[in-house]
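If you read the sequence from its start, that first residue is 1, and numbering goes on from there.
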Amino acid sequence: MAGSPTARRRRLSIELKKLREANELTCAQVGTALDWSGSKVNRMETGTGRVQPSDVEALCRFYGVGDELREFLKGLAKQAKTKGWWQTHGSSVPAWFSIYIGLEQDASTVRQYQNEFVPGLIQTPAYATHLHRATDQMFAEDINRAVSVRMERQALLQSPGAPDTWFVVHESALRSVTGDRSVMREQLEKVLEMAELPSVTLQVLTFEAGPYPATGTFTMLGFPDPEDPDIVYRDGITDAIYLEGAEEVSAYAKAFDNLRAAAASPHHSARLIATLLKDYTK
């Protein structure tokens with residue numbers, strides 16, 4: 001069963017939609033039969049509305065679901081109500097990013113391309129603090145909480161069930177100075193340290209790589225249960241998009257494979273970062 005509340009809610013939505021489609025019914029038809037609105041059914045299936053165990057019970061009886069599956073789905077509904085550790089940090093974690101953290105906690109694979117900054121999962125506190133300050137949209141206490149959340153997320157990479165994580169980072173993200181030279185020195189040291197973890201692979205897309213098949217940062221999350229499809233995440237200043245369509249995910253998977261092919265090998269990437277590090281120690 002999915003581990004985080006967000007992942008449970010997503011799995012529940014997927015299963016409820018599958019049941020309706022298997023019965024060849026529309027949301028409006030289900031809503032009419034249960035004296036609900038069609039939009040309520042739709043919200044349950046898209047994860048935009050809270051699903052009560054009693055709602056799941058009613059749907060399962062209507063669809064003729066067996067006892068075992070019904071209890072499983074009701075369990076998902078109950079556990080989806082719990083709060084994840086990141087949700088205790090209040091407004092420092094925007095709602096649209098809270099969804100991502102919940103999914104990240106349950107991922108078995110993480111694939112990220114970053115062309116502006118060092119990936120958040122391998123940032124130092126000082127580097128992360130300077131990035132948040134640069135937005136000029138947060139109070140000091142919110143910045144501290146946001147950095148704390150980022151540091152807590154990093155425990156994922158060293159946990160017993162750490163996801164297989166692969167970063168492709170553009171060289172410009174490593175050469176752009178965030179903070180000052182001492183901040184960058186510490187940051188590059190951490191990049192090298194994290195790249196040695198058994199769960200982490202890191203490649204640098206160098207300036208010499210030529211044209212590359214992607215624009216903008218994106219992250220792909222894969223999950224251990226085949227019933228939970230992969231998802232692509234892209235964020236902006238005030239919101240984020242989540243792509244789950246098979247064609248969209250396939251296009252990003254192909255783009256990431258091409259990025260890996262164009263980037264320097266993990267060994268040569270580490271040597272490049274070590275060379276950059278020497279420049280910051282002069």
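Taking the six-membered ring where the residue is Trp, Y113 and F218 present tilted rings, their angle falling between 30° and 60°.
Between D106 and F223, the shortest heavy-atom contact is O-CD2, 3.8 Å. For the pair I143 and R133, the tightest heavy-atom approach, listed with the atom from each and the gap, is CD1-CG, 3.8 Å.
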Problem set entry | Candidate pair R234 and Y252, rule side-chain hydrogen bond (donor to acceptor under 3.5 Å, both in side chains), full reasoning | CA-CA 11 Å; R234 299 192 68 158; Y252 275 90; 2.9 Å; yes
Exercise. How far apart are the C-alpha atoms of S172 and R175, what are their side-chain angles, what is the distance that settles it, and do they pass the side-chain contact (heavy atoms from CB on, under 4.5 Å) test?
Worked result: CA-CA 5 Å; S172 60; R175 289 187 178 275; 5.8 Å; no
For this session: Starting from the C-alpha separation in whole Å, work towards a yes-or-no answer on salt bridge (charged side-chain N to carboxylate O under 4.0 Å, His left out) for R61 and E57.
Result: CA-CA 6 Å; R61 293 193 179 281; E57 176 75 27; 2.5 Å; yes
For this session: Please lay out, stage by stage, how T217 and N115 fare under the test side-chain hydrogen bond (donor to acceptor under 3.5 Å, both in side chains).
Result: CA-CA 6 Å; T217 295; N115 66 343; 3.3 Å; yes
For this session: Go through the steps to decide whether K40 and D55 satisfy the test salt bridge (charged side-chain N to carboxylate O under 4.0 Å, His left out), and finish with yes or no.
Result: CA-CA 10 Å; K40 174 178 178 176; D55 294 332; 3.4 Å; yes
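A salt bridge links K18 with E15: at least one charged nitrogen is closer than 4.0 Å to a carboxylate oxygen. With respect to the salt-bridge test (charged N to carboxylate O, under 4.0 angstrom), the residues K254 and D257 do not qualify.
Q203 contributes no side-chain N or O that, together with a main-chain N or O of S269, makes up a donor-acceptor pair within less than 3.5 Å.
With a 6.0 Å radius and a threshold of 12 heavy atoms from other residues, nucleotides or ligands, R181 has its CZ atom above the threshold.
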